2 protein chains.
Amino acid sequence: MNLKELASHLNLSQTTVSRALNGYPEVNKATRQRVEAAAREFNYTPNARAKGLATGRSMSIGHVIPTSSKREMVNPVFGDFITGASEAYVEAGYDLVLTLVEDGKEERLYRNIRDKGNVDGIIVHSPRMQDSRIALLSDLGLPFVVHGRASNITADYSWVDMNNRSAFERATAFLTELGHSRIALVNGLEFMDFAFRRREGYLAALAVRGIDPDPALMRQGEMTELLGHQSAQEMLAQPDPPTAFLTSSMVTAIGVRRAIQEAGLEMGRDVSVITHDDELAYLMNGQNVPLFTATRSSVRAAGRCAADMLLRMIADPDCGPLHSLLEAELILGNSTGPAPAAGEPKTVRQGQT
Amino acid sequence: MNLKELASHLNLSQTTVSRALNGYPEVNKATRQRVEAAAREFNYTPNARAKGLATGRSMSIGHVIPTSSKREMVNPVFGDFITGASEAYVEAGYDLVLTLVEDGKEERLYRNIRDKGNVDGIIVHSPRMQDSRIALLSDLGLPFVVHGRASNITADYSWVDMNNRSAFERATAFLTELGHSRIALVNGLEFMDFAFRRREGYLAALAVRGIDPDPALMRQGEMTELLGHQSAQEMLAQPDPPTAFLTSSMVTAIGVRRAIQEAGLEMGRDVSVITHDDELAYLMNGQNVPLFTATRSSVRAAGRCAADMLLRMIADPDCGPLHSLLEAELILGNSTGPAPAAGEPKTVRQGQT
DNA sequence: GCAGATTTCCAAAGCGCTTTAAATTTTTCT
DNA sequence: AGAAAAATTTAAAGCGCTTTGGAAATCTGC
C-alpha cells in the first residue's frame with residue numbers, strides 16, 4: 001500500500017493524506033482521524049527511500065568503525081556502545097547504518113557516504129591521536145560526533161569522551177597511596193587517543209609522587225587477554241617486578257590475573273590490579289563486590305549520549321560543536337591492597353604449571 | 001554533482017551517462033570512457049536514495065538483533081560476525097543497517113522494515129527454538145538468512161549454522177574417554193536454539209557411555225564470566241563434584257577457571273575444561289598452545305558465509321532455501337587431562353581467598 | 001446576503017535516478 | 001548509391017513521497 005493508493009481509497013489527494021500523517025496543521029481534525037485510521041488499517045508505512053528523496057534527509061545515522069587489515073577486530077566495546085545509541089535512534093525514528101573501513105581507505109569512504117546521501121550524520125569511532133578523519137568530515141559538511149577525542153587536533157568539533165586522563169591519574173594515585181611504587185601499565189595501542197590519555201594520567205600521577213616512570217613497566221597493544229597475560233608474565237619475571245598493574249580493559253585484566261596466579265602470587269595481596277571497566281553487559285565486574293578495583297564508566301551511556309548529541313546537531317545545525325566529558329568512578333574491588341613490605345620475597349615462583 | 005549536471009557538462013543525455021556508468025552495452029566505448037573520466041574527475045557518486053527509488057532495490061542488508069529489556073546485551077559474538085559479513089557487503093556494494101529490537105516488538109518491526117523498503121534482505125540473529133520471526137519473514141516475502149536454526153520449525157528456510165550438537169557430543173565423548181563421568185555443562189540460555197542443541201549433543205554422548213545425566217551438573221544462563229564462576233563454584237562445593245566442565249563460551253570458561261583456582265584446584269589436572277571457542281578477535285584462545293581445549297568455529301567465517309548466502313538469494317530469488325552447516329574442530333589445549341583417580345581427595349579447599 | 005478572512009483541500013512540480021520507447025546516426029550489404 | 005540493419009543516443013515517464021502555489025469551501029461580521 002502506497003500513498004497514492006491510500007489517498008484514492010480515501011477519496012483524498014496525496015497532499016492531504018501526506019499532511020495528515022505528518023502532523024501538518026492545515027488539515028481538518030476529522031479528516032486527519034479518518035486518514036490515520038485508514039493508515040493503521042492498511043498497515044501503511046511510507047517508503048523511506050521516496051521520503052528521503054523528497055525531504056533530503058535519510059533518517060539514518062552512520063557508524064564508521066576502522067579496522068586495519070592486520071588487526072581486523074571490532075572493538076568489543078562496540079556492541080554496548082550501539083546498544084546505547086540505538087535507544088536514541090529508535091525513539092527518534094532513525095536507522096543505524098554500519099560501515100567497517102580499512103585504515104587508509106577512509107577519505108574515499110567518507111566522501112562516498114556523503115554523496116550517496118544515505119546518512120544524515122556520522123559517529124566516528126576509535127579516534128587516533130592525529131586523526132585525519134576529523135578535518136575531512138568538517139570539510140564535507142556532514143554532521144558528526146566523535147566517540148573520544150583526537151589530542152593533536154586544534155579545530156573544534158563535537159565529541160563525547162570519558163575522562164581517560166583523570167581516571168588513570170586517580171587510579172595510579174590510589175595505588176601510590178597504598179604504598180605501591182612499581183606500578184605497571186598495560187595499555188591499549190597508544191596511537192589511539194584514549195590510550196595516550198590514560199598514559200598521560202598515569203605518568204602525571206607518578207610524577208606527583210616523584211616516581212620515575214620505568215619503560216620496562218609499560219606495555220601497549222591490542223587489548224586482548226593475551227596481551228595482559230604476556231605482559232604480566234614478563235614483568236613479573238623481571239628482577240624488580242611490579243607490585244601493581246593498571247590495565248585498560250577487563251579482558252586484559254583477566255590475562256594479568258592469570259599470569260599472577262601462574263606465578264604463584266595472589267591478586268589483591270601480593271599484586272594489586274586496577275582495570276578500566278566499560279561496564280560491558282557480558283563482562284560485568286563481579287556482582288556486589290567487584291572482582292577488580294576499577295575505573296568505571298558505562299560505554300553504553302556514552303553511546304546514548306553521542307547519539308543524542310548527533311541528533312540534536314542534525315535538528316539544529318547551528319547549535320555549534322558540542323562536548324560531553326564523562327567522568328569515571330573509582331570503585332573498590334578485591335584486587336587491590338597495600339604494597340607488600342619491601343623485604344618480603346614476594347616473587348618466589350611456586351612452580352604451578 | 002548530480003547526474004543532470006554531469007550530463008549537461010558532457011553534452012550528453014542523462015540516459016547515456018547513466019548507462020555508461022552502469023555498464024550497459026549500448027554505449028560507445030569512447031563515450032563511456034569520457035563519461036567515466038568525468039565522473040572520476042568530479043567525484044560523482046550517484047545518490048543512493050534516488051537510485052534505490054528508481055531501481056526498487058536499496059543495496060543494503062538489515063541485521064536485526066533481539067534484546068530483551070531484562071538482558072539488554074548485544075552478544076559479544078556479534079562484532080566478529082559482522083566483521084565477516086561486512087567483507088561480503090563491501091565487495092558487493094551493499095550497506096549494513098543495524099536494528100536492535102526488544103523481544104515481542106518484532107512483528108511490527110519486520111513489517112515496518114519491509115514497507116519502509118530500505119533493506120533488500122535480512123539476517124536474523126540469535127534464533128530461539130521456536131522462533132516466530134521465521135514464519136513471519138517467510139510471509140513478508142523478504143529474503144532472509146538465519147544465523148542458527150530454530151529446532152521446532154518444520155518449514156524450510158535459509159540458514160548458516162555451526163553444528164552445535166556434534167561439537168558438544170564430540171567434546172563430551174572426549175571427556176568420557178579421558179575417564180570423566182562427572183561432567184558439568186555450563187550452557188547458554190536453553191531457549192536459544194544453539195544452546196539447546198549443545199545440550200542435546202552433551203546428553204547424547206553421555207547416553208552412549210551409559211552415564212546418567214545429573215541435573216545438578218547442568219546450568220544455563222547468559223554467557224557471562226559470572227555465570228561460569230558461580231556455576232563452577234557451586235558445583236565444586238557439592239558432595240560429588242564434577243571433574244570436568246563443558247562451557248559454551250570463552251568468557252564463561254574464564255569464570256569457571258577462576259572458580260577452579262579459588263577452590264585450590266588446578267585446571268587440566270584436577271578439573272578439565274572444554275569450551276566452545278568462537279575465535280573472537282579480542283579473546284583468542286592462547287597462541288601456539290591453546291589455553292583451553294575447545295570446540296572451535298570462527299563466527300566471523302559464519303558471518304561471511306551468511307552474507308554471501310543472502311546476497312546470492314537476493315540476486316536469484318528462485319535459488320531456493322540454502323543451508324550451510326559448519327563443523328567445529330576439536331582443538332587440544334592445556335585444560336584437559338585424564339580424570340583423577342577415584343579415591344584422590346581432589347576437592348580439598350586450600351583456603352585461597 | 002455578501003465581501004473578506006480563514007480553513008481545508010488539491011494539482012502539479014520536483015527530489016535524482018533508471019528505463020522504455022523512439023529518434024538519430026553509423027555501418028553493412030547489394 | 002541507397003535501402004536495410006545495427007549501433008548509439010535521447011526525450012520522457014516513472015519510482016513514492018513532500019511541498020508550493022492556488023483553488024474551493026467554510027466561516028466571519030455587518
Side-chain angles (χ1 to χ4, degrees), chain A residues 1-36 38-39 42-60 93-95 111-120, chain B residues 1-36 38-39 42-60 93-95 111-120:
Chain A
M1 169 73 66
N2 62 20
L3 185 63
K4 195 170 170 183
E5 289 162 12
L6 185 61
S8 85
H9 187 273
L10 282 163
N11 275 324
L12 287 170
S13 73
Q14 293 190 39
T15 310
T16 305
V17 176
S18 170
R19 281 183 169 150
L21 258 25
N22 290 314
Y24 282 68
E26 61 270 73
V27 43
N28 194 329
K29 195 165 181 182
T31 312
R32 164 165 288 139
Q33 283 171 352
R34 204 158 64 90
V35 171
E36 279 169 347
F42 297 113
N43 239 312
Y44 169 72
T45 307
N47 179 300
R49 289 194 298 270
K51 191 164 183 160
L53 187 53
T55 57
R57 290 178 313 133
S58 63
M59 297 303 282
S60 50
Y94 274 78
D95 280 338
R111 204 175 287 284
N112 252 25
I113 284 182
R114 191 216 23 199
D115 293 341
K116 276 173 66 175
N118 47 13
V119 305
D120 297 334
Chain B
M1 168 74 64
N2 61 20
L3 186 62
K4 195 170 170 182
E5 289 161 13
L6 184 62
S8 85
H9 187 274
L10 283 162
N11 275 324
L12 286 171
S13 72
Q14 293 190 38
T15 311
T16 304
V17 176
S18 169
R19 280 183 172 149
L21 259 24
N22 291 313
Y24 282 68
E26 59 269 74
V27 42
N28 193 329
K29 196 164 179 181
T31 312
R32 163 164 293 138
Q33 284 172 351
R34 203 159 62 90
V35 171
E36 279 167 350
F42 296 114
N43 238 311
Y44 169 73
T45 307
N47 179 300
R49 289 194 299 270
K51 191 163 185 162
L53 187 55
T55 57
R57 291 178 313 132
S58 62
M59 298 304 282
S60 51
Y94 275 77
D95 279 339
R111 204 175 287 285
N112 252 27
I113 284 180
R114 192 218 19 202
D115 293 342
K116 274 173 67 176
N118 47 15
V119 304
D120 296 335

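Computed over heavy atoms, backbone and side chain alike; hydrogens, waters and symmetry mates excluded. Bear in mind that the values here come from a model prediction, so they are computed numbers and not experimental data. Chain A is the first sequence line, chain B the second, and so forth, proteins listed ahead of strands; every chain is numbered from 1.
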(message) Using the rule given for side-chain contact (heavy atoms from CB on, under 4.5 Å), can you reason through B:Met59 versus A:Asn118, listing the C-alpha separation, both sets of side-chain angles and the distance that settles it, and then say yes or no?
(response) CA-CA 11 Å; B:Met59 298 304 282; A:Asn118 47 13; over 6 Å; no
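- For B:Arg32, the CZ atom is densely surrounded, since the number of other residues' heavy atoms within 6.0 Å is greater than 12.
- Using a 4.0 Å cut-off, some side-chain N or O of A:Tyr24 falls inside it from OP1 or OP2 of D:dT19.
- Nucleotide D:dT18 holds its P atom 6 Å from the CG atom of A:Leu3, rounded to whole Å.
- Rounded to whole angstrom, the span from the CE atom of B:Met59 across to the P atom of C:dT18 amounts to 12 Å.
- Residue A:Gln33 contributes atom CD, which lies 16 Å from atom C1' of C:dT8 at whole-angstrom precision.
- B:Glu5 places its CD atom 10 Å from the P atom of C:dC15, with the value rounded to the nearest Å.
- With DNA chain C read from its 5' end, the first of the two nearest nucleotides for B:Glu26 and B:Asn47 is the one closest to B:Asn47.
- OP1 and OP2 of D:dC17 both lie 4.0 Å or more from every side-chain N or O belonging to A:Thr55.
- For B:Asn28, whose side chain is taken as the heavy atoms from C-beta onward, the closest listed nucleotide among C:dT18, C:dC15, D:dT9 is D:dT9.
- Distances shorter than 4.0 Å separate none of the side-chain N or O atoms of A:Lys51 from OP1 or OP2 on D:dG16.
- Every pair passing ring pair (Phe, Tyr, Trp, His ring centres under 6.0 Å) that includes a residue from residues 8-28 of chain A is listed here, sequence neighbours excluded: A:His9-A:Phe42.
- Between the OH atom of B:Tyr44 and the C1' atom of C:dC17 there is a distance of 7 Å, rounded to whole Å.
- For D:dT19, its base sits under 3.5 Å from the side chain of A:Thr15 at one donor and acceptor pair at least.
- Listed nucleotides: C:dT18, D:dT10, D:dG16. Nearest to the side chain of B:Arg19: D:dT10.
- Contact check for A:Lys116 versus B:Asn47: no side-chain heavy atoms found under the 4.5 Å cut-off.
- For the pair A:Leu3/A:Tyr44, a side-chain contact is recorded, criterion being any heavy-atom separation below 4.5 Å from C-beta on.
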(request) Give the intermediate values and the outcome of side-chain contact (heavy atoms from CB on, under 4.5 Å) for residues A:Leu10 and A:Arg34. (result) CA-CA 8 Å; A:Leu10 282 163; A:Arg34 204 158 64 90; 3.8 Å; yes
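- At whole-Å resolution of the value, CZ in A:Arg32 and C1' in C:dT7 are 13 Å apart.
- Within residues 6-14 of chain B, the residues approaching DNA chain C are B:Gln14, by heavy-atom distance under 4.0 Å.
- For the pair A:Asn22 CG and D:dT19 P, the computed distance is 8 Å after rounding to whole Å.
- Residues A:Lys51 and A:Asn22 approach most closely at NZ-OD1, 3.5 Å, considering heavy atoms.
- Side chain A:Thr16 to base C:dT8: no donor-acceptor pair is found below 3.5 Å.
- Whole-Å rounding puts the B:Leu53 CG to C:dG16 P distance at 12 Å.
- Within the structure, every side-chain polar atom (N or O) of A:Lys4 is placed at least 4.0 Å from both OP1 and OP2 of D:dC17.
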